[in-house]
Amino acid sequence: MSESDRPRHFIQQIIDEDNRTGKWGAWPDGRPRVHTRFPPEPNGYLHVGHAKSIFLNYGLAEEFGGRFNLRFDDTNPTKEDQEFVDSIIRDVRWLGARWPGMRDDDPSAGVLYASDYFQQMYDWAVELIRKGRAFVCDQTAAQIREFRGTLTAPGRPSPWRDRPIDESLDLFERMRDGEFPDGTRTLRAKIDMASPNLNLRDPVMYRIVHATHHRQGDRWCVYPMYDWAHGLEDSIEGITHSICTLEFEIHRPLYDWFIRAINDGRTEDGSGPWGRRIHHPQQIEFARLSLNYTVMSKRKLLLLVKRGLVSGWDDPRMPTLSAMRRRGYPPESLRELCARAGVAKFKGTTEIQLLEHCVRDHLNRVAPRAMGVLRPVRVLIENWGEHGPADRVEWLDAVNNPEDPAAGSRRVPFSGELFIDQDDFAETPPPKFWRLFPGNEVRLRYAYLIRCTGVEKDAAGRITALRCTYDPATRGGDAPDGRKVKSTLHWVSARHALTAEVRLYEHLFNTPDPEASDDDVPDAEGTPAAAADAARAEAWLARLNPNSLTTIDDARVEPMLADAAIGAVYQLERLGYFCVDSDSGAPASSAAGDRRLVLNRTVSLKDSWGKQQSKG
RNA sequence: UGGGGAUUAGUGUAACGGUAGCACGACUGACUCUGGAUCAGUUAGUCUAGGUUCGAAUCCUAGAUCCCCAGCCA
C-alpha cells in the first residue's frame, strides 16, 4: 500500500485541521508549520517501540514539509550516560530520520539537549515563585508522599506552601548553589492538593541532585522534573505537536498548567509585566507499539543482558534496534511495520508475524540469492567421470535475484561431489514428499537433473553419502525431452563450499504474552512470601524459549560469500534470509578459504512443507 | 470506592448518521527451475442492554471489561 492511500490516522487528522485553521502559522516558505520531536532519555538502548515514535514524529514532519528534532531529555544525571546518547543517535540515523543541522561527518551535529535549556528553565521557575505559583518545600520525600493523599482521599497542603515569596526565592537560589544536601528541599508548583488528578497536587518541579551530568558536569545542583521540563523544552524549540504515549495523558493538564502559568502576565506583543508570551505546543498521546513473543520494558531487557540470558543489547534475539540491525532487519521493514500497525489510542499487541512479513517482503525484493546447506549430506555423482574428466568443474549461471532482473547473474561451481541439505532427502519418503529419495529424480537448482541410485552408510547405519546419477543433457536444469520433476533442490560443490557458522533464531519467548498475569505460576510449597513474590515477579523469565538460538557450525555456503560485507543480507534459496554477522572476519577475497563466516538467520522463508509436517 | 483513557473478524486498523472495508494470520486452489515469490478464493467482527432515527459501529442512557495515575523516574 502506498503512503498516500493509507487511511489517515487521528494525529494526521488533527494536523489537517490545524493546518486548515492556520493554528500554528506558517514557515517562511508558506507551508503551515508542523514541528515534531523525538525526546528520548539517554538511559538505555532504543527498541522497536521507540521506532514507532520516531517514524511517527519524523514521518509527520516529512509529510507536511515540517521539521523534526532529535532532542535528549537529559534531566536526570543519575541515570543517564554518554554511551546511551551515542547509541540512540546511531539508531535514529539508521532508521533514516533527518533533522535540521544533520551532517554525515559528525553524527551528533544538530542534536538537541534539554540540558542546554536549564538556565532558561531556572529563570522561568524563579518567575513562577515571584508570581506566587511555586514555593520551596522543606518536606522529606516521605512527608510529601504522606501529604499527597491517596487516589480517593484528598491531600493536605505542605506547611511551607505559604512561606513568603522572598524566602522561597532565597532558598531556591541556595538550592541551585549547592548549599543543601540531596532530598532536603524541593521546588513545588502551587496547584491544588485536593485535585482528583494526583499530578496536580503541588507537583515537584526541582529536586536537589549533587551528581555529575554527562554534559553539564557539576554546573547544576538542582534538576528539573519531567512535567516541568518537558513542555518548556517543546516550547523553546517551537514544537507544534508534542506526541507522547498514553500514560502521559493524565499529565497533560500539568503540561498545559505550567505553560499557562508562565504566560500569565505575558502578552503577544511583550507589553505585559512579564514580557512576551511563550509558545504553547499541543500534547497528543498515542498507544505505543507492543509485539507478542517478546518484552519491551527497559528494565526487563536490562535483566536479560545482566543475567547473560542473551549475549548483549545487540543479541539478535532482542527487540532493540541495535539487535535488529545486527540480525539483518532492514530499517525500511521496520518503517513498514509501524505504518501497518497504525496509530491509535487503543493499546493492542501487534503480532510478530506482521514484522516478519514486512522483513520478508522487503528482503525478497532486494536480497541477492545464494545457495548454502545447513546440515550437509554428501552427494556423489557416479557418472560424472563418464562424461568428461572426473575431477572437472563446471561453472553454471545462477540468477542473483529473480525479483530484480537488474541484479544480474553469477557463476557457481558444480562438480562430482556435492552437498545437499538433510531435509531434502528421505530414505523412505513420507506421503507428498517430492524431494530426493532412492529412485526419484529431482533438479539441482541451475544445474542438472539427478536421480538417486543408492545410499552409503557407516557401520552404525548412518548415511554417509547419497549415490546419484546426473543427466548430462539437462545442463542448466531443463530436460530436452520435456520431462518434469516435482522438486528443485539447493546444493553446493563440496570442494568449493565455504564452511560457515549459522545462528538460527526463534522467538525469544515461547508464549505470546510473556508478561501475562502470573496467576498460573505455582508457588513452591513452603516458600516464604517474599521469596514467592520475587519468584512471581520474574515468572516471565521462565517463559524464555530455550530454543531461541541454535548454532550450526558446519554449514556450507557457495564461495561467493567469502566477499560478503558485514551486515549484508542474502537469501539462501529455499531456506531464508541470512545476514553476515559482525563476529565474522573481514571480507578477504585473497584469503577466501580462511575467512571466518558467521551468518544470522534474519527470518526463514515461508515453508508450507515444514508447516504441513509439524502439523503431523 | 477518586480521576484519566480505551473497547470493530484470531491480531492490528478503517468507516466521522447511509452497502462494516483493508492488512497480517489461518485455510483452499492455480502457477512455478526456491514446497519461495505471485495470483485467485474461503474463513471470521461492531463489549452488553435499552433509547433516538426512515436508517446507529457512529448520537443518548445505563452497565461490563481492560489500561494508566499515589517517584524528589521519564
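Just so it is clear: chains get the letters A, B, ... in the order the sequence lines come, proteins before strands, and each one is counted from 1.
- Taking atom C1' in both B:rC47 and B:rA56, the straight-line distance is 16 Å, to the nearest Å.
- Side-chain N/O atoms of A:E41 and base N/O atoms of B:rC73 include no donor-acceptor pair closer than 3.5 Å.
- Of the two residues near RNA chain B, A:G348 and A:L444, the one whose nearest nucleotide lies more 5' is A:G348.
- For the C1' atoms, the distance linking B:rG29 with B:rG35 amounts to 15 Å, nearest Å.
- When heavy atoms are screened at a 4.0 angstrom cut-off, A:Y448 is found touching no nucleic acid atom at all.
- A centroid separation of less than 6.0 Å is found between the aromatic rings of A:Y113 and A:F72.
- Nucleic acid contact class of A:I144 (heavy atoms, under 4.0 Å, all strands): base.
- Residue contacts for A:T75: at a heavy-atom cut-off of 4.0 Å it reaches the sugar-phosphate backbone alone, with no base atom in range.
- Remark: the A:E356 side chain and the A:H507 side chain contain an N/O donor-acceptor pair separated by less than 3.5 Å.
- Atom name C1', nucleotides B:rA9 and B:rU42: the rounded distance is 14 Å, in whole Å.
- Rounded to whole Å, the C1' atom of B:rC66 lies 16 Å from the corresponding atom of B:rU8.
- Checking the phosphate oxygens (OP1, OP2) of B:rA14, no side-chain nitrogen or oxygen of A:R8 falls inside 4.0 Å.
- Side-chain contact, A:T349 with A:N292: no donor N or O sits under 3.5 Å from an acceptor N or O.
- The pair A:R483-A:D471 meets the salt-bridge criterion, with a side-chain N (NZ, NE, NH1 or NH2) lying under 4.0 Å from an Asp/Glu carboxylate O.
- On the P atoms, B:rG5 is 15 Å away from B:rU61, given to the nearest whole Å.
- You'll find that the side chain of A:R340 is closest to B:rC24, out of B:rG71, B:rC24, B:rA74.
- Of the N and O atoms on the side chains of A:E394 and A:Y448, at least one donor lies less than 3.5 Å from an acceptor on the other residue.
- In this model, a side-chain donor or acceptor of A:Q571 finds a partner on the base of B:rU34 within 3.5 Å.
- If you check every strand for non-hydrogen atoms under 4.0 Å, A:P77 touches nothing.
- Taking OG of A:S53 as the start and CD1 of A:I243 as the end, the distance is 7.5 Å to the nearest 0.5 Å.
- For RNA chain B, runs of at least 3 consecutive pairs of the Watson-Crick or G-U wobble type, with both hydrogen-bonding distances under 3.5 angstrom, map to B:2-7 with B:64-69, B:10-13 with B:21-24, B:26-30 with B:38-42, B:47-51 with B:59-63.
- If you check every strand for non-hydrogen atoms under 4.0 Å, A:S195 touches nothing.
- Of the residues listed (A:T350, A:V603, A:L334, A:T294), the one engaging A:L355 in a side-chain contact (heavy atoms from CB on, under 4.5 Å) is A:L334, and it is the only one.
- B:rG29 has its base anti relative to the sugar, with a glycosidic angle deviating from 0 by more than 90°.
- If you check every strand for non-hydrogen atoms under 4.0 Å, A:K432 touches a base.
- Contact annotation for A:H490: no contact, since no heavy-atom pair falls under 4.0 Å across all strands.
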Which atoms of nucleotides 42-48 of chain B (N or O only) lie under 3.5 Å from a protein N or O atom, and what are those distances?
none

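- For B:rG2, the OP1/OP2 oxygens have no side-chain nitrogen or oxygen of A:T150 closer than 4.0 Å.
- Taking atom P on both nucleotides, B:rC27 is separated from B:rU19 by 33 Å, rounded to a whole Å.
- Contact annotation: A:R148 side-chain N/O to B:rC72 OP1/OP2 distance is under 4.0 Å.
- Within the nucleic acid shown, A:Q13 comes within 4.0 Å of at least one base atom, counting heavy atoms only.
- Below the 3.5 angstrom threshold, one finds a donor paired with an acceptor across the side chain of A:R369 and the base of B:rU34.
- Between A:D397 and A:R411 a salt bridge is recorded (basic side-chain N to carboxylate O distance below 4.0 Å).
- Side chain to side chain, A:Q283 and A:E285 meet the donor-acceptor criterion of an N or O pair below 3.5 Å.
- Spacing of C1' atoms, B:rU32 relative to B:rA44, comes out at 30 Å, to the nearest Å.
- Considering only side-chain atoms of A:P196, the nucleotide from B:rG2, B:rC24, B:rG36 that sits closest is B:rG2.
- Among the protein residues, A:G477 comes within range of the nucleic acid bases, having at least one heavy atom under 4.0 Å from a base atom.
- Residue contacts shown for A:D478 include a base, since a base heavy atom lies under 4.0 Å away.
- For B:rC73, one of the phosphate oxygens OP1 or OP2 lies less than 4.0 angstrom from a side-chain nitrogen or oxygen of A:R207.
- Nucleic acid contact for A:Y206: none, since no nucleic acid atom lies under 4.0 Å from a heavy atom of the residue.
- Across all strands shown, A:Q143 has no heavy atoms under 4.0 Å from either base or sugar-phosphate atoms.
- Under 4.0 angstrom from either OP1 or OP2 of B:rA37 there lies at least one side-chain N or O belonging to A:K606.
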Give me the distances for all protein-to-nucleotides 4-8 of chain B N/O pairs that come in under 3.5 Å?
| unit_1 | atom_1 | unit_2 | atom_2 | d |
| --- | --- | --- | --- | --- |
| B:rG5 | O2' | A:E249 | OE1 | 3.2 |

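- Which of B:rA15, B:rU13, B:rU11 sits closest to the side chain of A:E351 comes down to B:rU11.
- The aromatic ring centres of A:Y206 and A:Y223 sit 6.0 Å or more apart.
- Taking atom C1' on both nucleotides, B:rU58 is separated from B:rG45 by 16 Å, rounded to a whole Å.
- Listed nucleotides: B:rC73, B:rC69, B:rA74. Nearest to the side chain of A:L198: B:rC69.
- Among the protein residues, A:F248 comes within range of the nucleic acid bases, having at least one heavy atom under 4.0 Å from a base atom.
- One N or O donor and one acceptor, one from the side chain of A:R435 and one from the base of B:rG35, sit under 3.5 Å apart.
- Residue A:R288 qualifies as open at atom CZ: its count of foreign heavy atoms under 6.0 Å is 12 or below.
- A sub-4.0 Å separation between OP1 or OP2 of B:rG71 and a side-chain N or O of A:R145 is present.
- Taking atom CH2 on A:W609 and atom P on B:rU34, their separation rounds to 17 Å, with Å as the unit.
- Results of the salt bridge (Lys or Arg N to Asp or Glu O under 4.0 Å) test with A:R574 over A:D423, A:D421, A:D607, A:D424 single out A:D424 as the only residue that passes.
- The residue A:V343 sits close only to the backbone: its heavy atoms come under 4.0 Å of sugar-phosphate atoms, none of a base.
- Stacking of A:Y226 onto the six-membered ring of B:rA74 is not present when judged by under 5.5 angstrom between centres and under 30° between planes.
- Side-chain contact check for A:Y45 and A:E83: at least one donor-acceptor pair (N or O, by modelled atom type) lies under 3.5 Å.
- Both the sub-6.0 Å distance and the 45° axial angle are satisfied by A:R156 relative to the ring of A:F147.
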